[in-house]
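Some notes on the structure that comes next.
This one's a predicted model, so the numbers in the text were calculated from it and none came from an experiment.
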Amino acid sequence: MNANPEWDLIVLGAGASGLMCAATAGGRGRRVLVLDHARHAGEKIRISGGGRCNFTHLEADPSRYLSNDPEFTRGALAAFTPHDFLALLARHGIGHKEKSPGQLFSDGSAEKIVAMLLDECRRSRVRLVLGEEIRGVEHDARGFKVRSAHAEWQAPKLVIALGGRSMPKLGASGLGYELARQFGLKIIPPRPGLTPLIFSGELRTTCRELAGISLLAEITLESTRIRDDLLFTHQGLSGPVILRISSLWRSGETLEIDLLPDVDLAERLIEAKKVESRLTPRTILSRWLPKRLVWQKTADMKADAPLAEIGDKRLRAMADTIHHWRVIPVGTGGYERAEVTVGGVDTNAIDPLTMACRTIPGLYFIGEVLDVTGWLGGYNLQWAWSSGHAAGLAV
């Protein structure tokens, strides 16, 4: 196929942000071509929220995003809000459920969300070409030429919506970063985000012995404190609180974990000694914590003696092992288990209202490829919708 001048816009990437951008631009009469090496559009959408698609969070605002410039997200998030996406769902007859305050899921399979976006694209006469590996992009006075193994296409404008490196089994790669570098843009070093944390040695053994236990915990990392559910695994720790802190954690940093954040254990143990002196600390602790966890955390503290025989200092030490468990992970679950990529294209080079590259006219970056990473809970998909919509209005 020869270079085709009929397109106003080429979108690289048929994920959440790419499909939103294409549908928005197509709805404005733009002739849009979407290219992706994957054989199916919206693969990450399909697995979001365990297949139910956690499509947004009602509290999406710049404070819920990690970036060298968190304020970068403000304009796009304000222009296309969670309520705007809910209105889109309503037009397609798709319901939703609120799992926790503000966290919204599709009322049914995530396939409904993908089907909705594809329907929006069809209505806007967007053309999707899937299973097409991108071999290169060239830029000249006429615009952008995209080459694959079998064809080449040309358009005056190009949107890069290729995501990050998370979930390589779904086809994620670093192509978006390579293209950004090709055009002279700076990349904030990418790393896995929203991923489990891994331990070695005695800590790994401890976690393996406690695998399967889940409980509310509070984790402190320097000045950041996060409270949510924690899960022990055979390799380390996971659960929402770990996934959230993993996006901030750097190699070598210590995490302090409070395994019972709503109870003052030292006070409770000392009070119990006055009225239940024949009971053991383990019996008292087991009122709030799983027995396996209690036995493991007090294994070397003679916690099976009656409270009457234990001094207050030792009781406070027992409480300290629960409230101030300090650990240093050896690593993360990597991109294979990461839900997102932290880092990406430096937003200083991007217009926050249009997603346009400041130095290359006609070039746009949206979604996860940018240095914007949301908290766990639907924030990243909302960023995909908002940034895709912003670019779709601008092209």
Side-chain angles (χ1 to χ4, degrees), residues 100 195-246 248-249 251-333 337 376:
S100 61
T195 180
L197 294 176
I198 307 301
F199 297 110
S200 62
E202 291 184 9
L203 276 175
R204 190 183 185 101
T205 300
T206 295
C207 291
R208 184 169 60 246
E209 292 173 349
L210 300 174
I213 289 177
S214 178
L215 72 164
L216 178 69
E218 186 171 274
I219 297 185
T220 301
L221 174 61
E222 296 182 346
S223 61
T224 300
R225 184 172 295 174
I226 298 176
R227 178 184 294 206
D228 212 322
D229 290 337
L230 176 145
L231 174 68
F232 287 88
T233 73
H234 285 85
Q235 294 181 313
L237 296 173
S238 188
V241 70
I242 292 294
L243 299 185
R244 287 176 60 185
I245 206 73
S246 72
L248 298 169
W249 179 80
S251 179
E253 292 181 330
T254 299
L255 301 176
E256 182 173 288
I257 305 175
D258 186 345
L259 295 168
L260 195 59
D262 292 324
V263 176
D264 186 334
L265 278 179
E267 180 182 339
R268 296 295 183 91
L269 289 170
I270 292 171
E271 284 297 318
K273 186 167 68 169
K274 298 175 183 178
V275 295
E276 301 175 287
S277 59
R278 294 183 179 182
L279 297 182
T280 69
R282 282 177 175 159
T283 300
I284 302 300
L285 292 173
S286 296
R287 292 174 179 174
W288 301 289
L289 294 167
K291 289 184 178 180
R292 267 199 297 153
L293 177 60
V294 171
W295 277 79
Q296 202 286 327
K297 296 299 292 179
T298 61
D300 301 323
M301 306 193 74
K302 298 181 180 179
D304 53 352
L307 286 166
E309 300 177 10
I310 302 176
D312 290 356
K313 182 177 180 181
R314 189 192 300 175
L315 292 178
R316 290 191 178 93
M318 290 180 188
D320 189 72
T321 65
I322 302 297
H323 288 309
H324 303 283
W325 184 32
R326 296 175 180 85
V327 299
I328 302 178
V330 295
T332 71
R337 300 175 67 185
L376 182 72

- Message: I need the minimum non-hydrogen distance between Leu221 and Glu253, along with the two atoms involved.
- Response: CD1-OE1, 3.7 Å
- Note on the structure: One should read off an interatomic distance between Thr206 OG1 and Trp325 CH2, to the nearest 0.5 angstrom, of 6.5 Å
- Enter the distance from Leu285:CG to Leu279:CG here, rounded to the nearest 0.5 Å. 11.5 Å
- Query: So how far is it from Ile226 CD1 to Glu218 CD, rounded to the nearest 0.5 Å?
  - Reply: 10.0 Å
- Quick one: list whatever passes side chain to side chain donor-acceptor pair (under 3.5 Å) with Arg208, sequence neighbours left out. none
- Applied to residues 280-294, the side-chain hydrogen bond (donor to acceptor under 3.5 Å, both in side chains) test, sequence neighbours excluded, yields Glu276-Arg287, Thr280-Thr283, Arg282-Thr298
- Item | Separation of Leu259 CG from Thr321 OG1 (nearest 0.5 Å) | 8.5 Å
- How long is the gap from CG on Leu237 to CG on Leu203, to the nearest 0.5 Å? 8.5 Å
- Close side-chain approach of Ile245 and Leu197, heavy atoms under 4.5 Å: yes
- Hey, could you give me each pair passing salt bridge (Lys or Arg N to Asp or Glu O under 4.0 Å) that has a residue in residues 233-245? Not counting sequence neighbours. Asp228-Arg244
- Is it true that Arg225 and Asp258 have a side-chain N and a carboxylate O under 4.0 angstrom from each other? no
- Return the minimal non-hydrogen interatomic distance between Pro281 and Ile310, and the atom names on each side. CG-CD1, 3.4 Å
- Which atoms form the tightest heavy-atom contact between Leu293 and Leu210, and what is the distance? CD1-CD1, 3.6 Å
- List for me each residue that meets side chain to side chain donor-acceptor pair (under 3.5 Å) alongside Ser100, sequence neighbours excluded, and say none if there are none. Gln103
- Task: Would you indicate whether the side-chain heavy atoms of Pro196 and Leu243 approach each other to under 4.5 Å?
- Result: yes
- Reported CG-to-CE distance for the pair Leu265 and Met318, which is rounded to 0.5 angstrom: 11.5 Å
- Message: Within the structure provided, determine whether Ile242 and Leu231 are in side-chain contact (heavy-atom separation under 4.5 Å).
- Response: no
- Query: How close do Ser238 and Thr233 get, heavy atom to heavy atom, and via which atoms?
  - Reply: CB-CG2, 3.8 Å
- Item | Pairs flagged by side-chain hydrogen bond (donor to acceptor under 3.5 Å, both in side chains) wherever residues 304-318 is involved - sequence neighbours left out | Lys273-Asp312
- Query: Any ion pair linking Glu271 and Arg268 (charged N to carboxylate O, less than 4.0 Å)?
  - Reply: no
- Item | Those residues that, when tested against His234, pass side chain to side chain donor-acceptor pair (under 3.5 Å) (two or more places apart) | none
- Write down the atom of Phe199, the atom of Cys207, and the distance for their closest heavy-atom approach. CD1-SG, 3.8 Å
- Message: Quick one, Arg337 and Ile198 - any side-chain contact, counting heavy atoms below 4.5 Å?
- Response: yes
- Query: Do you know the tightest heavy-atom contact between Val330 and Ser200?
  - Reply: CG1-OG, 3.1 Å
